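Read the structure below first, then the notes.
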Amino acid sequence: MKAKHALMAFGLGLAALGAAPLAQPAHAADAGVLHIFNWTDYTAPDLLKKFTKETGIKVTLDTYDSNETLLAKLKAGTTGYDLVVVSDDFVKIFEQQNLLVKVDAASMPNFHNLEPRWQKRDWDPTAEYTVPWQWGTTSFTYDTKVYPGPVDSLGTLFKPPAVFKGQVGMFGSPSEVINLALLYLGHPPCDTDPSDLKATLALLEAQKPFVKLYNSDGIIDRLTSGEVTMSEQWSGDAMRARVAKPTLKYVFAKEGGIGWMDNLAIPKGAPDVENAKKFINFMMDPENAAIESNFAGYQNAVSGSNKYLQPAMAASPEFNPPSDYKIVFSPGCDAKATKDFDRIWTLIRK
Ligand code: N2P
């Protein structure tokens, strides 16, 4: 909510208000306005304000809750958006479906600022289509006042103690729910082995009485208000929730967690590719990357940004996974795994 109010104050327009509004195709009246479509609660208002101040380009922001939602919207046709943010495991899928414009980020003036390890990423080795936005981990948060713990396993999320009956929030995305369940069961992401998937379905079915809702929007608010007392969560959101409610705790489980990096990309049909490229270059500036990290609570990929990070955030446990924590990046599910996951998802959600 805070972010949305701030956006209104900056006059970024009504589009910033909707959680998942219908995209309005760009038209002559807003030529030169940059239309950003990003994950929920993930774009620093100060960043957009600074971009507008430096370039004179106005910005609108709409949000979505998952890669699956973004994929469905882009597949449905031109959206009027100039910039989107795609997770590592979905970049290839978007590319293969011909949904992205080549940005050739390596030729941009600020590209050299990217940490060398993130200049060549498995999912986009030559930065042909994307540049890093933020990266973090996926695990879960619980309220230590409701359940004192100790908690060291994803088992607390998937086979919760009785006190969590009807109290758990899970993401609204098949890839993010099922890959975490697979990790708990000791299987790789995007597994298609029938017996592994059978066990995963059984686990998620048995978890259902504990689940209040499957929804990736609004998790910070639900955890801090007590509407849910445990939730699947991303690390930066977990930090923000814990700062607001100190009894909340993000778990670095012994089974590990899912790692991800989100990436800026330009969708096919973007009305203003040149302005989108200006924003991509702007994001590879250390100070700008830090503004975003300070807002959302995630690591960025830009060298020299550390000195601009808020000390409390930079030192927080959520921002600094233990050195022996197993972080598993999903390779991106192929068509078969995606179909298997959709089948499980449909069964769980019925
Ligand atoms: C933060 C959104 C994180 C997206 N609110 C994880 N891919």
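All figures in this text were calculated on a predicted structure; none of them were measured in a lab. One-based numbering along the sequence shown. Numbering of ligands and ligand atoms starts at 1, following listing order.
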I'd like the contact residues of ligand 1, where contact means a heavy atom below 4.0 Å.
W39, T40, D41, Y42, S87, W234, D237, W260, D262, Y298
Those residues that, when tested against E54, pass side-chain hydrogen bond (donor to acceptor under 3.5 Å, both in side chains) (two or more places apart)
K50
Quick one about S173 and E68 (side-chain donor to acceptor, distance below 3.5 Å, no hydrogens or angles considered), yes or no?
yes
Who passes side-chain hydrogen bond (donor to acceptor under 3.5 Å, both in side chains) against S195, sequence neighbours left out?
D193
Relative to the ring of F279, is the ring of F282 parallel (under 30°), tilted (30 to 60°) or perpendicular (over 60°)?
tilted
Under 3.5 Å, sequence neighbours excluded: what are the donor-acceptor pairs made by side chains of residues 149-159?
unit_1 : atom_1 : unit_2 : atom_2 : d
S153   : OG     : G155   : N      : 2.8
S153   : OG     : E255   : OE2    : 2.6

Would you say N263 and W123 are linked by a side-chain donor-acceptor pair, where the criterion is simply a distance under 3.5 Å?
yes
